[in-house]
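First the structure, in the form of structure tokens, and then the observations on it.
No experiment lies behind these values; they were computed from the predicted model shown. So that the names make sense, note that chain A is the first sequence line, chain B the second, and so on, each numbered from 1.
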Amino acid sequence: MPELPEVETVANGVNQRVRGERIESVWLGSKPEPFKTGPSEMAKILTGRRIERVYRIGKHIVFDLDGNDAPQWIVHLGMTGRLLVSAASASVPLHTHAILKLTTGRELRFVDPRRFGRLALQKRVNSSGFQGPGHEPLTISIEQFTSLFRGRKTTIKAALLNQKLLHGVGNIYADESLFRVGIRPTRMAGRLTREQLARLRSALQEVMQHAIAMGGSSVSDYVDADGVKGYFQLEHRVYMRGGQPCLVCGTSIRRIVLAGRGTHFCPMCQK
DNA sequence: ATACCGACCTGTCAGC
DNA sequence: TGCTGACAGGTCGGTA
């Protein structure tokens, strides 16, 4: 489900609702567990901690916890993960894998039907926290951005999805940003000009900032921390519009499979 | 080192 | 109505 704008929306929403609260008790269920750390160890470490801050790095949601040498709690939503702040009396959805009971009586719940999501504890190294695998798309400089793709013998679509280069870009925003700059997803990343890459960086940042402002894209079951849908899916110009007319020129939008993912583009507008 | 491909899961929808 | 297959926003491990 979630890419950078959706994860940002969820992280901000959770931060506003649970920042400063203490974790009273922890329930971790389901098998096989979507946990990198063993569930009993994770529950033990989380219990009693105060949540100091919740924020996004790449597609990861990072929980800063109080206490000396406290690890960070990392949540990855996978494709269908949700992180909800609910009243304890609210019914527990199917596929709930974790419940953190907070001192205010509310619960932080992790729900994930497809179980592609992951929960992990991350030790701080030299007091520096979780860094993520790649560069942050919203703040990367033009210089850094263009150097990421230099000499790369793969398609620009695959390169955009590679989390070790940029983290946070997923299938929707890769397709949407490439459409907005008129670049075909099949183009070799290393063959793009510096000028094209500079425009791609701007388009990626604009489309993601716009999506954050609209609460993310709700394509199937994405919702924020209150269970509210985003609206950016109404702004999609190519994603999931295969066979429909291009909004700019009217040509039928093509859908192909690239890097194992559904890929959408306008054969007229994108060269 | 780098890149492709299938696997991991469940749910939904189109087509028969 | 009910079955089957294709597809879904992500990542990982094995293989080339």
Closest to side chain of [X], choosing from [options]:
X: A:His76; options: C:dA8, C:dT11, B:dC4; result: C:dT11
X: A:Glu3; options: C:dG10, C:dA8, B:dA3; result: C:dG10
X: A:Leu94; options: B:dG11, C:dG10, B:dC9; result: B:dG11

For [N] and [X] - does any side-chain N or O of the residue sit under 4.0 Å from the phosphate oxygens OP1/OP2?
X: A:Thr80; N: C:dA8; result: no
X: A:Arg152; N: B:dA3; result: yes
X: A:Lys153; N: B:dT2; result: no
X: A:His95; N: B:dG11; result: yes

*Can you find a pair of side-chain heavy atoms, one from A:His167 and one from A:Lys59, that are under 4.5 Å apart?*
no

*Could you work out the separation of B:dC9 and C:dG14 based on their P atoms and round it to a whole Å?*
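Rounded to whole Å, the distance is 15 Å.
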
Could you tell me how far apart [X] ([atom1]) and [N] ([atom2]) are, to the nearest whole angstrom?
X: A:Arg56; N: C:dG10; atom1: CZ; atom2: C1'; answer: 16 Å
X: A:Lys164; N: C:dC12; atom1: NZ; atom2: C1'; answer: 9 Å
X: A:Asp175; N: C:dG10; atom1: CG; atom2: P; answer: 10 Å
X: A:Leu161; N: C:dG10; atom1: CG; atom2: C1'; answer: 10 Å
X: A:Leu77; N: B:dC9; atom1: CG; atom2: P; answer: 19 Å
X: A:Gln163; N: B:dA3; atom1: CD; atom2: C1'; answer: 16 Å
X: A:Arg261; N: C:dG10; atom1: CZ; atom2: P; answer: 5 Å
X: A:Leu166; N: C:dT11; atom1: CG; atom2: P; answer: 13 Å

_Centroid under 5.5 Å and tilt under 30°, A:Phe116 to C:dT11_ =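 So A:Phe116 does not count as stacking on the base.
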
*asked:* Students often get this wrong, so: under 4.0 angstrom with heavy atoms, is A:Gly170 touching a base, only sugar-phosphate, or nothing?
replied: sugar-phosphate

_Side-chain donor/acceptor contact of A:Arg115 with base of B:dC9 under 3.5 Å_ =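 Answer is no: no donor-acceptor pair is held.
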
*Can the positive tip of A:Arg237 be found less than 6.0 Å from the middle of the six-membered ring of A:Tyr239, inside 45° of the ring normal?*
no

*So, does A:Arg109 use its side chain to make a donor-acceptor pair with the main chain of A:Leu84 at under 3.5 Å?*
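Not confirmed, A:Arg109 side chain does not pair with A:Leu84 backbone.
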
*Could you please name the partner base of B:dC9, counting Watson-Crick and G-U wobble pairs only when both distances are under 3.5 Å?*
none

*Is A:Asp69 salt-bridged to A:Lys123, cutoff N-O under 4.0 Å?*
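Salt bridge absent between A:Asp69 and A:Lys123.
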
*Evaluate the side chain to side chain donor-acceptor pair (under 3.5 Å) criterion for residues A:Thr103 and A:Glu21: first the C-alpha distance (whole Å), next the side-chain angles of each, then the deciding distance (0.1 Å), finally the verdict.*
CA-CA 6 Å; A:Thr103 36; A:Glu21 292 195 38; 4.7 Å; no

